[in-house]
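Remarks on the structure that follows.
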Amino acid sequence: MAELDVVTGEIVSQHHDITIKSQGFIVPFQQTTLAAQVTGDVNHISNHFEPGMSVAKGEILFSIDNTNYLAQVAEAKQRMLEARLALEDEKVRADRAKKDWRMTQSTEPNELAGRDLYVDAAQAALEAAESRLQQAKRDLSLTVVRAPYDGVVKTREISLGDLLMPGAVAGSFIQADVAALELPIRLEELPLIKNIDFLRVELKSVNGGDSISQSVDAYPVSLSADLNKQEQQARLRVKVPLTNSGETKLFVNQYVVAKISIPSSEKLFAIPEEVFTQRNSILSVKGGVIAEKFPEVVYQYKGKKYCLLGDIDSIEVITETPDLYWAGAAVNPVNISMF
């Protein structure tokens with residue numbers, strides 16, 4: 001039987017670094033609304049509590065008049081001391097009653113149980129007084145509002161003398177050293193990023209009329225696949241540093257074009273989709289004989305399936321109309337090319 005002429009190509013296993021292109025805005029990675037948690041008049045506002053000002057973690061932004069809260073702490077301390085003395089007094093009475101009963105046995109035991117109830121009530125009163133003291137101290141501490149982390153003041157909504165109630169918004173605060181970059185990506189690109197902990201992103205932006213390019217280390221935070229199913233898009237959110245790099249700097253609300261580099265962690269065969277049969281197999285040719293193989297597909301991207309094929313480094317496969325051939329057939333490879 002005559003050998004069949006088949007068109008083949010050689011595919012080599014190698015590392016495939018992939019670049020995904022997208023664009024989007026740099027947005028705050030963490031934003032905090034500063035709100036009053038106690039009632040009182042604003043009696044101090046820091047000079048740094050102004051939009052655009054950088055503030056260190058723990059720095060005082062504003063404070064509320066604490067006169068009433070100092071008085072509440074003092075009163076709570078006095079109530080706690082009184083409750084502690086009352087408990088000690090009840091314990092002494094209970095001990096005396098027990099001793100009297102042991103010596104004279106003139107007091108019924110159930111009366112002793114009554115004294116224990118007084119001790120239990122005094123103990124509960126002390127615990128309640130201690131809880132009220134802790135609450136008073138907490139309220140006092142809340143009269144001073146500090147920066148929750150190193151950041152930048154975004155807005156300020158209060159003035160000296162304003163009467164604030166719990167929940168009243170005083171301003172907003174964003175993280176200073178990192179931001180988030182939100183990028184739309186195609187759904188087919190999801191598997192490429194899904195298990196990646198670190199990405200290298202090249203950003204290009206326009207700053208003052210000049211095009212600026214810089215590369216940053218980015219860390220995926222979230223990946224949403226249901227952003228826009230009609231347009232087959234997802235959204236990738238990554239954390240990027242807001243640090244100076246020469247004369248360039250990233251900033252919130254900046255629009256950037258991004259190139260995301262995804263390194264390959266293992267060698268793969270990049271096999272065109274048209275090389276696969278309807279059985280999701282490929283037909284290899286070795287020594288003029290066809291063999292059917294079923295590659296392990298790691299991911300699929302831009303018309304190719306990136307696969308594992310055991311320990312081999314290269315393979316010659318039928319590249320045209322593979323469904324017309326079968327395993328074991330003798331063939332004559334022609335037009336061999338490299339993929």
Side-chain angles (χ1 to χ4, degrees), residues 25-87 120-182 219 221-222 224 235 237 239-242 251-254:
F25 283 96
I26 295 176
V27 298
F29 178 72
Q30 184 174 4
Q31 179 168 321
T32 300
T33 298
L34 303 169
Q37 298 187 59
V38 292
T39 301
D41 296 328
V42 178
N43 64 355
H44 169 73
I45 296 178
S46 168
N47 292 333
H48 290 169
F49 191 26
E50 296 289 345
M53 293 292 290
S54 297
V55 182
K57 178 181 179 179
E59 186 173 342
I60 294 176
L61 300 178
F62 69 94
S63 61
I64 293 172
D65 183 19
N66 64 4
T67 304
N68 292 335
Y69 297 98
L70 287 170
Q72 290 175 12
V73 170
E75 180 181 356
K77 285 182 177 180
Q78 181 61 35
R79 298 298 185 195
M80 186 192 69
L81 291 174
E82 293 173 356
R84 186 170 293 164
L85 290 173
L87 175 59
D120 292 342
Q123 179 66 46
L126 175 59
E127 291 174 358
E130 290 173 338
S131 177
R132 284 192 291 270
L133 176 58
Q134 293 302 315
Q135 182 62 49
K137 288 181 177 179
R138 178 179 177 277
D139 289 344
L140 177 61
S141 70
L142 293 176
T143 61
V144 178
V145 178
R146 302 176 183 272
Y149 42 79
D150 292 343
V152 176
V153 178
K154 185 177 181 182
T155 61
R156 195 191 89 188
E157 308 290 343
I158 60 171
S159 302
L160 278 174
D162 286 353
L163 174 62
L164 302 183
M165 303 294 288
V169 175
S172 58
F173 196 76
I174 61 176
Q175 198 164 351
D177 55 344
V178 296
L181 178 58
E182 296 185 345
Y219 302 88
V221 177
S222 62
S224 172
R235 182 176 295 278
R237 179 181 172 92
K239 181 169 68 173
V240 295
L242 290 178
F251 53 87
V252 172
N253 296 328
Q254 187 177 21

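Remark: Glu157 engages no residue in a salt bridge (charged side-chain N to carboxylate O under 4.0 Å, His left out) (not counting sequence neighbours). Remark: Glu50 pairs with Arg156 by the salt bridge (charged side-chain N to carboxylate O under 4.0 Å, His left out) rule, at least two apart or across chains. Under the side-chain hydrogen bond (donor to acceptor under 3.5 Å, both in side chains) criterion, Glu75 pairs with no residue, sequence neighbours left out. Every residue was checked against the ring pair (Phe, Tyr, Trp, His ring centres under 6.0 Å) condition with Tyr69, not counting sequence neighbours, and none meets it. Under the rule for a side-chain contact (heavy atoms from CB on, under 4.5 Å), the partners of Glu182 that lie at least two apart in sequence or sit in another chain are Val27, Arg235, Arg237. Scored by the side-chain hydrogen bond (donor to acceptor under 3.5 Å, both in side chains) test, Thr155 finds Ser172 as partners (sequence neighbours excluded).
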Query - From CA spacing to verdict: side chain to side chain contact (heavy atoms under 4.5 Å, CB included), Val38, Thr143 - result: CA-CA 7 Å; Val38 292; Thr143 61; 4.1 Å; yes
Hey, can you pull the donor-acceptor pairs under 3.5 Å for the side chains in residues 57-65, sequence neighbours left out?
residue, atom, partner, partner atom, Å
Glu59, OE1, Ala56, N, 3.3
Glu59, OE2, His48, ND1, 2.5
Ser63, OG, Asn43, OD1, 2.9
Asp65, OD1, Thr67, N, 3.3
Asp65, OD1, Thr67, OG1, 2.9

Going by atom type alone, with no hydrogens or angles, which donor-acceptor pairs under 3.5 Å involve a side-chain atom of residues 134-141 and a protein atom two or more places apart or on another chain?
residue, atom, partner, partner atom, Å
Gln135, NE2, Asp139, OD1, 2.9
Ser141, OG, Arg138, O, 2.6

Just distance, no hydrogens or angles: give the donor-acceptor pairs under 3.5 Å from side chains in residues 158-170, sequence neighbours left out.
residue, atom, partner, partner atom, Å
Asp162, OD2, Ser159, N, 2.8

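Rounding to the nearest 0.5 angstrom, the gap separating the CZ atom in Phe29 from the CD atom in Gln175 is 6.5 Å. Atoms OG1 and NZ, from Thr32 and Lys154 in turn, are 11.0 Å apart once rounded to the nearest 0.5 Å. A distance of 9.0 Å separates CG in Leu133 from CG in Leu81, rounded to the nearest 0.5 Å. Residue Leu34 holds its CG atom at 13.5 Å from CZ of Arg146, rounded to the nearest 0.5 Å. Going from atom CG of Leu126 over to atom CG of Leu85 covers 10.0 Å, rounded to the nearest 0.5 Å.
The heavy-atom pair separating His44 from Ser46 by the smallest distance is NE2-N, 3.8 Å.
Applying the ring-ring contact (aromatic ring centres under 6.0 Å, His included) rule to pairs touching residues 149-182 yields Tyr149-Phe173, sequence neighbours excluded. Within the structure, salt bridge (Lys or Arg N to Asp or Glu O under 4.0 Å) contacts touching residues 122-134 (residues at least two apart or in different chains) are Arg84-Glu130. For the ring-ring contact (aromatic ring centres under 6.0 Å, His included) condition, no pair includes a residue of residues 120-142, sequence neighbours left out.
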